[in-house]
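Have a look at the structure below before the remarks.
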Amino acid sequence: MGQPEQHAEGAGPFTTRLTWQRAEGETVVWESRLARRRGVLSVRGPGEAAGRPSTAGPMALRRLRRLNAIASGAFVTGGALFAAGAAISQFGSGDPLLSASVYFAGGLFFNTGGYVSLLQVLNAPRHAPGGGALVTAGWRWWGYEPMRLDWLSTFVLFVGTLVFGVNLLDSFLRGLSVQQVNRLVWTPDMIGCVLFLVSGHLAFAEICHRSLPCLRSRSLGWWIVAVNQFGSLLFMVSALAAFTRPSTGSLLNTGIANWGTLTGAVCFSVGGVLQLFERP
């Protein structure tokens with residue numbers, strides 16, 4: 001019997017969906033996000049109108065549930081702490097040390113969520129040649145797979161959380177000049193925001209199987225990416241407003257900076273809650 005006919009889809013050089021047409025008339029579809037988040041393939045038999053899920057083994061599903069719960073909880077908590085830090089800065093005593101401490105605690109949870117998201121990719125079940133059952137390899141703490149769009153998206157996200165960590169650490173420094181504040185605090189903030197936006201764009205490309213964003217209103221994964229991307233955009237607005245004017249030593253707009261962070265952080269918490277339901 002010959003090899004099944006294979007059709008690949010994706011964005012640029014990345015493959016995010018594979019369809020196999022088997023000689024016996026069965027159609028098997030692998031989608032990157034569904035396989036790594038839910039551990040499923042879609043199998044449609046001859047004459048069937050809709051596909052039926054073919055799941056990975058029990059060990060793989062337990063692994064996916066565990067990692068998803070940790071990542072979800074980390075983003076919910078990190079977003080809540082970031083929102084609290086912005087609220088303290090906007091409505092509280094104005095003590096910069098207190099708000100910086102709350103932000104830093106939130107940043108640690110974002111670091112955790114970013115790394116566990118990468119672990120989800122590295123330890124997800126993989127498709128087999130010819131559309132066979134999903135295969136689960138041994139556990140990995142690290143891997144380099146830049147030609148996988150899901151790896152690239154989560155890696156950029158994780159690096160973004162680390163860059164934000166530099167921004168949050170530098171915010172504890174006192175006695176800085178305006179130039180030092182913009183270089184040590186504001187610049188890492190901007191870089192982190194750009195990386196978050198890039199990660200979100202790559203995540204859209206994974207779901208849409210093309211470079212341009214799409215609308216998938218019935219897809220929970222699409223809504224998670226959309227909510228998080230909106231939060232990243234609000235973080236960017238906040239970062240732009242947090243630039244310190246060299247002439248006055250004050251922020252461009254303190255209110256926008258605080259509100260942008262607060263609402264953006266709430267988006268990430270909401271995205272984390274939604275992510276809890278995107279599991280096997």
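Numbers for residues simply follow the sequence, beginning at 1.
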Would you say the side-chain atoms of [X] pair up with the backbone N or O of [Y], donor to acceptor, closer than 3.5 Å?
X: S199; Y: L195; result: no
X: S153; Y: L202; result: no
X: T154; Y: D150; result: yes
X: S72; Y: A69; result: no
X: R126; Y: V135; result: no
X: N253; Y: A241; result: no
X: R210; Y: L212; result: yes
X: T244; Y: G249; result: no

State the [atom1]-[atom2] distance between [X] and [Y], to the nearest 0.5 angstrom.
X: R37; Y: F277; atom1: CZ; atom2: CZ; result: 14.0 Å
X: F164; Y: C193; atom1: CZ; atom2: SG; result: 4.0 Å
X: E9; Y: T19; atom1: CD; atom2: OG1; result: 5.5 Å
X: R38; Y: L134; atom1: CZ; atom2: CG; result: 14.0 Å
X: L251; Y: L240; atom1: CG; atom2: CG; result: 12.5 Å
X: Q180; Y: D170; atom1: CD; atom2: CG; result: 10.5 Å

Exercise. Could you tell me if the ring centre of F109 sits under 6.0 Å from that of F268?
Key: no
Should [X] and [Y] be counted in the same cluster of Ile, Leu, Val, Met, Phe, Trp and Tyr side chains packed under 4.5 Å apart?
X: L276; Y: L61; answer: no
X: V159; Y: W151; answer: yes
X: V163; Y: W186; answer: yes
X: W139; Y: F158; answer: yes
X: F14; Y: L118; answer: yes

Heavy-atom pair with the smallest gap, counting every atom of [X] and [Y]:
X: C267; Y: F230; answer: SG-CD2, 3.7 Å
X: Q275; Y: N68; answer: O-ND2, 2.9 Å
X: M190; Y: A239; answer: SD-CB, 3.6 Å
X: L119; Y: L67; answer: O-CD1, 3.9 Å
X: T136; Y: A60; answer: OG1-CB, 3.0 Å

Exercise. Check step by step if ring-ring contact (aromatic ring centres under 6.0 Å, His included) holds for Y103 and F82.
Key: CA-CA 5 Å; Y103 277 136; F82 258 60; 5.3 Å; yes
Exercise. Taking atom CZ of R218 as the centre, report whether more than 12 heavy atoms of other residues, nucleotides or ligands fall under 6.0 Å from it.
Key: no
Exercise. For the pair F235 and F196, name the ring-plane relationship: parallel under 30°, tilted 30 to 60°, perpendicular over 60°.
Key: tilted
Quiz item: Under 30°, 30 to 60°, or over 60°: which ring-plane class applies to Y115 and W141, parallel, tilted or perpendicular?
Solution: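 The rings of Y115 and W141 lie parallel, inter-plane angle below 30°.
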Determine whether [X] and [Y] make a side-chain contact, defined as any pair of heavy atoms from C-beta on separated by less than 4.5 Å.
X: R33; Y: I224; value: yes
X: D189; Y: V185; value: no
X: F155; Y: Y144; value: no
X: E145; Y: L122; value: yes
X: Q21; Y: H7; value: no
X: L252; Y: R245; value: yes

Exercise. Check whether the side chains of T261 and S238 place a donor and an acceptor atom closer than 3.5 Å, and report yes or no.
Key: yes
Quiz prompt | With E206, the side-chain hydrogen bond (donor to acceptor under 3.5 Å, both in side chains) member among R36, R17, R148 | solution = R36
